Amino acid sequence: MTAFKSLASAMVKIFYRDKATLFFTFVFPLMFLVVFGLLFRDAGTSKTEIGVVGDGPVIVGLEQTGALDLKRFDSVDEAVQQVRDGDLPAMVAQDGDDVTYRFAQSDQTQAGVLSGIVTGVVSHVNQAATGEEPRYVLNAANVEDSSLKPIQYITPGIMSWGVAVTAVFGAALTLVSWRKKQVLRRIRLAPVPATTVLSARVVVTVGVAIVQALVFIGVGVLPLFGLRLTGTWWLAIPVFLLGILAFFAIGMLVGAFCKTEEAATGAANIVVLPMAFLSGTFFPIDQAPSWMQSVSNVFPLRHMNDGIMDFLVRGQGPSALVVPCLVLTGFVLVVGTIAAKVFQWEDD
Amino acid sequence: MTDTENPAAIVVEDVRKAYGDLNAVDGVSLTVAEGEFFGILGPNGAGKTTTLEIIEGLREPDSGSVRLLGESPWPRNVALLPRIGVQLQATAFFEKLTAREQLRTFAALYRVSADRADEMLELVGLTDKADTREDKLSGGQRQRLSIACALIHDPDVVFLDEPTAALDPQARRNLWDVLRAIQERGKTILYTTHYLDEAEILCDRVAIMDRGRILAMDAPATLVRGLDAPTRVILERGSLSTVDAEELPGADDVTDDELSLTISTRKPADVLSALAERRALAGLQVRTATLEDVFLDLTGREYRA
């Protein structure tokens with residue numbers, strides 16, 4: 001066996017024999033994936049239900065909006081009672097030309113939305129009743145939807161985060177623990193170049209990350225969660241690999257400065273956790289305030305996230321590779337160079 | 001020591017290394033012949049480990065020169081590495097791997113056959129622990145495994161840094177057998193210890209170090225003989241009166257305490273035969289000078305490991 005193979009195989013054994021590492025590599029991110037996946041599964045798909053009484057163009061118009069589910073009642077009193085009891089947010093009754101609208105004030109946002117819809121429908125029906133062509137024509141059409149179903153951004157987000165954590169911790173903890181236990185010194189006394197040790201660690205980290213990606217995506221595409229990959233998913237691979245290298249370099253840097261595993265764990269968390277929250281791992285970044293979106297641009301995780309999401313679920317073309325790949329390559333080079341400069345074989 | 005029949009494996013000349021104000025190694029010179037079992041001994045903080053690390057090429061000396069098998073070990077000399085085996089003071093193992101896996105990994109690092117792993121396990125008596133993970137091994141077993149790791153590539157020179165530290169007496173004795181077996185294979189061994197009795201038993205020559213300097217260097221027996229210290233004959237208290245003891249032929253000095261009567265002599269044979277005549281041999285012990293006495297003589301301090 002070559003030195004490279006034997007080191008890599010030792011690293012793989014060290015990895016899978018450690019239950020805590022296995023947990024934080026696979027189970028922990030998977031817990032987030034499952035919880036968020038189930039929690040947000042139906043978000044955005046359910047319609048608001050309102051009560052309706054009677055019949056006429058307004059009721060038909062409300063039905064045609066497609067935004068509401070209509071629940072029919074025989075009498076106005078019965079429907080109003082439901083609103084009063086808090087079972088329905090609003091009711092609309094049409095009796096000939098009389099249109100009655102009653103709504104609950106408890107949820108003001110919903111009340112506002114419903115009032116807007118009902119007012120709009122009534123105005124439209126009024127205008128149509130005049131028989132004239134409307135002067136102002138609203139040109140409305142669907143655009144390609146970039147705000148995704150929750151599972152479509154949860155999966156790539158959790159995947160990037162999980163892989164980043166693996167790379168940072170794998171690099172930092174191996175470095176710190178091997179230096180502390182003098183394994184690095186022992187290796188240095190063998191005729192093995194440092195690059196062999198480094199490349200074995202990188203290859204093992206990439207291997208683990210690929211298994212993680214397969215597991216997370218495998219769970220995401222289960223019918224329960226309903227993740228759908230787009231045709232250009234394979235373009236995410238270079239972003240994925242560069243992202244691993246960038247976080248590996250960060251881990252090497254953390255490992256160079258920390259003397260103990262405890263310090264390295266803390267430092268790695270300080271680096272990765274804020275990044276995860278600000279880079280769209282747990283919620284879509286385009287819903288965040290604009291300052292946060294600007295701030296998040298300095299994080300490699302943001303670019304890894306965006307890059308992977310663009311191809312995995314948004315179906316972007318190869319031109320979308322440029323920005324994330326350039327940014328991540330920059331991180332690899334800059335952080336990697338610094339890490340190599342401050343690297344120490346042993347504590348002094 | 002540098003003739004062709006017995007060439008020097010290690011030549012150290014006036015090596016110095018300071019950490020701040022502390023002169024950890026303060027002008028050390030020594031030569032170790034091929035096949036020699038050489039011990040550096042001294043109390044903790046004497047500079048033994050730093051000296052060893054400089055010879056191994058792990059540290060750069062501030063001044064002085066080191067030739068290891070005719071080459072300079074610093075900076076990291078890759079041509080030299082396969083010819084030296086180093087057992088580190090801490091037990092440097094890959095976590096979670098079994099004894100055999102450790103050895104196989106190191107075998108691959110030196111590009112030697114994986115079969116060497118089982119040979120080494122047998123040499124150090126760990127064959128039945130081959131599939132035990134390193135963290136489940138006892139202190140003595142870990143020490144033996146780390147020695148096996150140092151020998152995996154059949155090096156010419158073996159460095160052992162306190163291999164017997166923190167071992168129980170039985171484990172120490174087992175390890176001595178291992179060390180002797182290594183020497184019988186013709187290896188040069190340079191090792192540090194703070195057990196003077198052990199160095200006396202194992203080493204061809206020893207260097208006694210204290211505060212970064214070598215105080216004496218020779219074969220243990222020669223050092224002890226050079227001390228010209230009296231032999232102490234110890235008897236059970238009451239087997240002879242102090243007055244009678246002082247009148248024995250060859251007795252230089254007599255002391256007694258609650259337990260025993262000690263007669264110092266430079267003619268132990270005379271004293272012993274006189275005691276035998278008087279049938280006063282109850283609880284007899286004879287103590288000759290040891291390296292501890294050499295250390296006391298050299299430093300004026302009791303030796304404490």
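Just so it is clear: chains get the letters A, B, ... in the order the sequence lines come, proteins before strands, and each one is counted from 1. Predicted model, so just to flag it, every value in this text is computed and none were measured. Quick note: numbers below take in every heavy atom, side chains included, and nothing from hydrogens, waters or symmetry partners.
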Original post:
Is the count of non-hydrogen atoms from other residues, nucleotides or ligands lying under 6.0 Å from A:Phe343 atom CZ greater than 12?
Top reply: yes
Original post:
Does the distance from a Lys or Arg side-chain N to an Asp or Glu carboxylate O, for B:Glu56 and A:Arg185, drop under 4.0 Å?
Top reply: no
Original post:
B:Phe94 versus A:Val183: any side-chain heavy-atom pair under 4.5 Å?
Top reply: yes
Subject >> Close approach to chain B in residues 6-30 of chain A, criterion heavy atom under 4.5 Å >> reply: A:Ser6, A:Leu7, A:Ala10, A:Lys13, A:Ile14, A:Arg17, A:Asp18
**OP:** Sort out for me which of B:Ile84, B:Val86, B:Asn77 touches chain A most, counting heavy-atom pairs under 4.5 Å.
**Re:** B:Val86
Original post:
With respect to chain A, which residue among B:Thr105, B:Val78, B:Leu80 yields the maximal number of heavy-atom pairs within a distance under 4.5 Å?
Top reply: B:Thr105
**OP:** Under 4.5 Å, heavy atom to heavy atom: which of residues 186-207 of chain A reach chain B? Give them by number, or say none.
**Re:** A:Arg186, A:Ile187, A:Arg188, A:Leu189, A:Ala190, A:Pro191, A:Val192
Original post:
Heavy-atom distance under 4.5 Å to chain A: side chain of B:Tyr19, backbone, both or neither?
Top reply: neither
Original post:
Has B:Arg172 got more than 12 heavy atoms of other residues, nucleotides or ligands less than 6.0 Å from its CZ?
Top reply: yes
Original post:
What do you reckon, is CD of B:Glu122 surrounded by more than 12 foreign heavy atoms closer than 6.0 Å?
Top reply: no
Original post:
Considering only heavy atoms, which portion of A:Trp178 lies under 4.5 Å from any heavy atom of chain B: side chain, backbone, both, or neither?
Top reply: side chain
Subject >> A:Trp233 atom CH2: more than 12 heavy-atom contacts under 6.0 Å >> reply: no
For residues 239-255 of chain A, dump all side-chain donor-acceptor pairs below 3.5 Å to protein atoms at least two apart in sequence or in another chain.
none

Would you give me the side-chain donor-acceptor pairs under 3.5 Å for residues 163-170 of chain A, sequence neighbours excluded?
from	atom 1	to	atom 2	distance (Å)
A:Thr166	OG1	A:Gly162	O	3.0
A:Thr166	OG1	A:Gln212	OE1	2.9
A:Thr166	OG1	A:Gln212	NE2	2.9

Subject >> Toward chain A, the part of B:Glu101 with a non-hydrogen atom under 4.5 Å >> reply: side chain
